[in-house]
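Here's the structure we're looking at; comments come further down.
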Amino acid sequence: MSHSVIKVSASVMEQMKQSYAGSLTPAVPQGAVFQAKPPGCTITAYRSGKVLFQGKNAGTEAARWGTAEAPTKKTVKKAADPLYAPPAGIASMSVIGSDEVGTGDYFGPITVACAYADKTKLSLMKELGVKDSKDLKDPQIIEIAKLLIKTIPYSLLVLKNEKYNQMQEKGMSQGKMKALLHNQAISNLLRKMNGVKPEAILIDQFAEPGIYFKHLSGRDIVKEKTFFSTKAESIHLSVAAASIIARYSFLIEMDKLSREAGMTIPKGAGPHVDEAAAKLIINKGEGALRTFTKLHFANTQKAKRLVERKRS
Ligand code: MN
């Protein structure tokens with residue numbers, strides 16, 4: 001069945017209602033202004049201004065009144081929210097930075113770290129080699145992280161896949177999990193800092209700030225002086241430090257998983273990951289995926305198909 005949605009003004013909606021006066025239904029669905037059933041079409045007009053056309057004549061009826069909205073595509077990319085943009089001069093301030101690792105990896109946990117970089121420590125951190133972790137290889141990450149965790153206050157959370165899968169199966173989005181973890185990590189770090197107040201908190205942006213805070217509604221939210229930016233690692237060393245610590249923790253967890261599995265557990269979510277997952281199923285049974293992987297990723301089905309092919 002085809003359908004079409006348009007948005008109209010209140011006056012156009014009133015014209016529509018009059019035009020369809022002969023085919024109005026006696027009862028209207030919740031939230032609707034009217035419903036009409038002209039030949040080959042059911043029209044439902046909502047208080048929001050949206051009008052839904054269903055049935056074989058949906059397209060032609062809708063075209064009389066407006067232009068159909070694209071059903072799913074987001075049309076314009078919203079500009080960054082200026083309310084949460086980092087203030088000028090933030091690079092030399094005392095800042096808590098927060099970042100996560102592992103969200104796109106089929107194997108392994110999500111690790112979220114935040115780190116406090118006091119402005120008096122910034123030059124030392126540079127000397128330790130802290131910079132955008134994308135420019136660092138794993139051995140360097142490990143080396144720098146080991147020094148960092150002895151040098152600056154930080155907080156780290158590891159969301160293992162058993163828990164991740166439980167939350168995901170209850171309908172929680174990965175975005176919400178990340179928001180909960182960042183907020184928790186920052187709040188833990190503030191507590192550790194015993195009254196020392198950062199001049200700013202900078203989160204490497206993974207969602208629009210409005211959505212981030214919506215995910216946290218009903219909880220104790222750290223919001224004061226909190227800013228968001230994409231590529232925040234290059235905006236303040238605290239985020240680069242957080243990223244290095246999160247990646248270090250992720251590498252340790254992946255090593256543990258490799259030892260448990262008796263094989264190398266790969267990063268990412270590409271075809272090599274499907275192969276490894278298939279091997280894991282053959283060695284340990286399908287149930288092992290629950291503790292090793294983010295089950296809802298497409299890799300699960302791909303790995304199962306690989307196993308079937310190998311067994312037949
Ligand atoms: Mn990030």
Side-chain angles (χ1 to χ4, degrees), residues 77-81 84-86 90-91 93 95-117 125 129-138 140-142 144-145 148-149 152-161 164 167-168 172-189 198 200-216 221-223 225-254 267-270 294 297:
K77 200 170 179 280
K78 265 197 266 167
D81 192 336
Y84 297 105
I90 193 174
M93 291 180 187
V95 174
I96 287 181
S98 193
D99 199 6
E100 83 283 330
V101 168
T103 56
D105 296 274
Y106 179 56
F107 286 108
I110 293 178
T111 60
V112 173
C114 58
Y116 176 60
M125 288 170 69
V130 176
K131 59 177 162 185
D132 195 326
S133 67
K134 281 159 210 87
D135 300 332
L136 295 168
K137 297 241 155 55
D138 288 351
Q140 292 172 291
I141 299 245
I142 293 165
I144 298 166
L148 262 183
I149 58 181
I152 59 171
Y154 72 99
S155 151
L156 171 69
L157 293 172
V158 178
L159 177 63
K160 299 214 167 157
N161 280 329
Y164 175 98
M167 292 163 91
Q168 198 278 327
M172 192 183 284
S173 68
Q174 205 191 64
K176 178 158 183 165
M177 291 184 218
K178 284 192 269 187
L180 293 172
L181 290 164
H182 277 270
N183 185 61
Q184 188 64 55
I186 294 164
S187 142
N188 291 351
L189 179 54
I201 296 169
L202 180 57
I203 299 174
D204 189 39
Q205 184 168 327
F206 56 88
E208 291 295 328
I211 293 175
Y212 173 84
F213 289 118
K214 203 173 131 201
H215 283 320
L216 297 172
I221 308 175
V222 182
K223 198 168 185 180
K225 294 187 202 153
T226 298
F227 305 98
F228 296 81
S229 175
T230 54
K231 302 196 173 83
E233 285 180 65
S234 56
I235 293 177
H236 197 277
L237 281 182
S238 61
V239 183
S243 179
I244 289 170
I245 294 169
R247 186 158 297 280
Y248 172 58
S249 162
F250 182 76
L251 292 172
I252 291 174
E253 296 299 323
M254 290 295 268
K267 290 181 249 176
K294 301 178 184 79
F297 278 32

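In listed order, ligands and their atoms are each counted from 1.
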How are the rings of Phe213 and Phe228 set to each other: parallel, tilted or perpendicular (split at 30° and 60°)? perpendicular
4.5 Å side-chain heavy-atom contact, Phe227 and Val95: no
Taking the side chain from Ser173 and the backbone from Lys176, do they hold a donor-acceptor pair closer than 3.5 Å? yes
Can you see whether Ser249 engages Thr111 through a side-chain donor-acceptor pair at a distance of less than 3.5 angstrom? no
Check the surroundings of atom NZ in Lys225: do more than 12 heavy atoms from other residues, nucleotides or ligands lie under 6.0 Å from it? yes
Would you say the side chain of Tyr212 lies within less than 4.5 Å of the side chain of Asn183, judging by non-hydrogen atoms? yes
Run through the protein N/O/S atoms less than 2.8 Å from the Mn ion (ligand 1) and write them out by chain and number. Asp99 OD1, Asp204 OD2
